[in-house]
Asks: 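I have a structure here, written as structure tokens, and I will follow up with some questions on it.
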Amino acid sequence: MDRIAETSILFDIYGGLLSEKKREVMELYYEENLSLSEIAEEQGVSRAAVHDALRTAEKNLNDYEAKLGLEADYIKRQETVKALRNEIFKLVAIQESEYAALIEQASGEKKPASAKHVKKPASAKHIKKSASAKHIEKIEKLLSNLEE
């Protein structure tokens, strides 16, 4: 991970522990993408003062991480949330597809060649075997990982 991305993560985790002035400099530099000169002009201080505040804030963030070690947990949780999103999108796609098939079947627009090909709506017994159920199980597992 590059230095800017890592500093941004550390700022997300520990930014509240910084002084208001250092927090503001970090926000302007990392989130608003302002240059040191632009920040200096906005705050009415020298560019060197902004540079010093930024470096001190970064050092403080790294010190907090060295003592508390929350970054790995933060990254793990972010990855779990991303995996949850993916599973939810898959589940929604499956549900929309099944819903569209039921509407099509109910409206009689498309009749199967034989009764053998008619997809019955899922009953309680069939839900356990469906693709939806597999994604629901994955989602439940990912949620339990977040609770740990």
Side-chain angles (χ1 to χ4, degrees), residues 1-107 109-110 117 119-148:
M1 177 177 341
D2 69 0
R3 187 182 74 78
I4 292 174
E6 184 167 352
T7 301
S8 290
I9 289 171
L10 293 177
F11 182 64
D12 288 343
I13 298 168
Y14 303 113
L17 300 174
L18 297 173
S19 69
E20 185 178 336
K21 189 152 191 100
K22 288 183 178 117
R23 191 171 46 251
E24 185 178 343
V25 168
M26 292 287 292
E27 286 173 359
L28 292 172
Y29 187 76
Y30 285 103
E31 294 176 12
E32 302 295 326
N33 295 317
L34 296 182
S35 69
L36 297 179
S37 299
E38 291 169 324
I39 297 168
E41 185 179 320
E42 185 174 307
Q43 294 191 341
V45 297
S46 70
R47 184 184 177 286
V50 172
H51 182 268
D52 290 344
L54 193 59
R55 295 300 161 236
T56 303
E58 290 169 353
K59 183 187 179 314
N60 290 349
L61 294 175
N62 286 313
D63 289 346
Y64 296 143
E65 176 58 21
K67 291 175 184 167
L68 301 172
L70 299 176
E71 182 181 21
D73 184 52
Y74 177 84
I75 291 170
K76 180 182 173 190
R77 288 182 182 278
Q78 292 297 89
E79 290 170 354
T80 301
V81 167
K82 184 177 179 181
L84 271 169
R85 261 193 209 109
N86 288 335
E87 290 303 317
I88 290 169
F89 286 138
K90 289 175 186 176
L91 181 61
V92 168
I94 290 168
Q95 294 296 323
E96 287 175 349
S97 174
E98 289 174 357
Y99 181 70
L102 287 172
I103 289 176
E104 189 175 281
Q105 184 180 352
S107 68
E109 291 176 9
K110 186 176 181 183
H117 294 95
K119 184 176 180 181
K120 294 180 182 176
S123 67
K125 291 179 184 175
H126 293 99
I127 289 177
K128 290 181 182 174
K129 298 176 186 175
S130 74
S132 297
K134 291 176 188 174
H135 290 289
I136 290 170
E137 287 174 13
K138 279 186 176 179
I139 290 169
E140 288 172 347
K141 183 179 178 185
L142 289 166
L143 285 171
S144 70
N145 289 344
L146 277 177
E147 292 173 352
E148 293 177 353

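Since the structure is predicted, the reported quantities are computational estimates derived from the model, not experimental observations.
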Asks: To the nearest 0.5 angstrom, please state how far the CG atom of L84 sits from the CG atom of L91.
Replies: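 Here the interatomic distance stands at 11.5 Å.
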
Asks: Kindly say whether A93 contributes a backbone atom to a donor-acceptor pair with the side chain of S97 at under 3.5 angstrom?
Replies: no

Asks: Do the side chains of Q43 and E24 get nearer than 4.5 Å, heavy atoms only?
Replies: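 Yes - at least one pair of side-chain heavy atoms lies under 4.5 Å apart.
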
Asks: What residues, two or more places apart in sequence or in another chain, satisfy side chain to side chain contact (heavy atoms under 4.5 Å, CB included) together with E79?
Replies: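 Side chain to side chain contact (heavy atoms under 4.5 Å, CB included) check on E79 returns I75.
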
Asks: Could you pull out all residues at least two apart from K67 that satisfy salt bridge (Lys or Arg N to Asp or Glu O under 4.0 Å)?
Replies: none

Asks: Sorted by first residue and then second, give each side-chain hydrogen bond (donor to acceptor under 3.5 Å, both in side chains) pair with at least one member in residues 87-96; sequence neighbours left out.
Replies: E87-H135, Q95-S132

Asks: Looking at CD1 of I136 and CD1 of I94, how far apart are the two atoms once the value is rounded to the nearest 0.5 Å?
Replies: 9.0 Å

Asks: Could you pull out all residues at least two apart from S35 that satisfy side chain to side chain donor-acceptor pair (under 3.5 Å)?
Replies: E38

Asks: Can any side-chain N or O of S144 pair as donor or acceptor with the backbone N or O of K141 at less than 3.5 Å?
Replies: yes

Asks: When rounded to the nearest 0.5 angstrom, what is the spacing between CD in E27 and CD1 in I39?
Replies: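 CD1 of I39 is found 10.5 Å from CD of E27.
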
Asks: Mind checking the CG-CD spacing from L142 to E137? Nearest 0.5 Å is all I need.
Replies: 12.0 Å

Asks: Can you measure from CD (Q105) to CD (E98) and round to the nearest 0.5 angstrom?
Replies: 12.0 Å

Asks: Show me, pair by pair, the donor-acceptor contacts under 3.5 angstrom made by side chains of residues 7-21, not counting sequence neighbours?
Replies:
residue: T7; atom: OG1; partner: R3; partner atom: O; Å: 2.8
residue: S8; atom: OG; partner: I4; partner atom: O; Å: 3.1
residue: D12; atom: OD2; partner: Y74; partner atom: OH; Å: 3.2
residue: Y14; atom: OH; partner: E65; partner atom: OE1; Å: 2.6
residue: Y14; atom: OH; partner: L70; partner atom: N; Å: 3.1
residue: S19; atom: OG; partner: K22; partner atom: N; Å: 3.3

Asks: Please evaluate residues Y30 and L54 with respect to the criterion side-chain contact (heavy atoms from CB on, under 4.5 Å), reporting the C-alpha separation (whole Å), side-chain torsions for both, the decisive distance (0.1 Å), and the verdict.
Replies: CA-CA 10 Å; Y30 285 103; L54 193 59; 4.0 Å; yes

Asks: In chain order, what residues pass the salt bridge (Lys or Arg N to Asp or Glu O under 4.0 Å) check against R55, with sequence neighbours excluded?
Replies: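 Partners of R55 by the salt bridge (Lys or Arg N to Asp or Glu O under 4.0 Å) criterion, ordered by chain and then number, come out as E58.
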
Asks: To the nearest 0.5 Å, what is the distance between CG on L36 and CZ on R47?
Replies: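 With rounding to 0.5 Å, CG (L36) is 4.5 Å from CZ (R47).
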
Asks: Is it the case that more than 12 heavy atoms not belonging to E41 sit under 6.0 Å from its CD atom?
Replies: no

Asks: Applying side-chain contact (heavy atoms from CB on, under 4.5 Å) to M26 and E31, what does each step give before you reach the verdict?
Replies: CA-CA 8 Å; M26 292 287 292; E31 294 176 12; over 6 Å; no

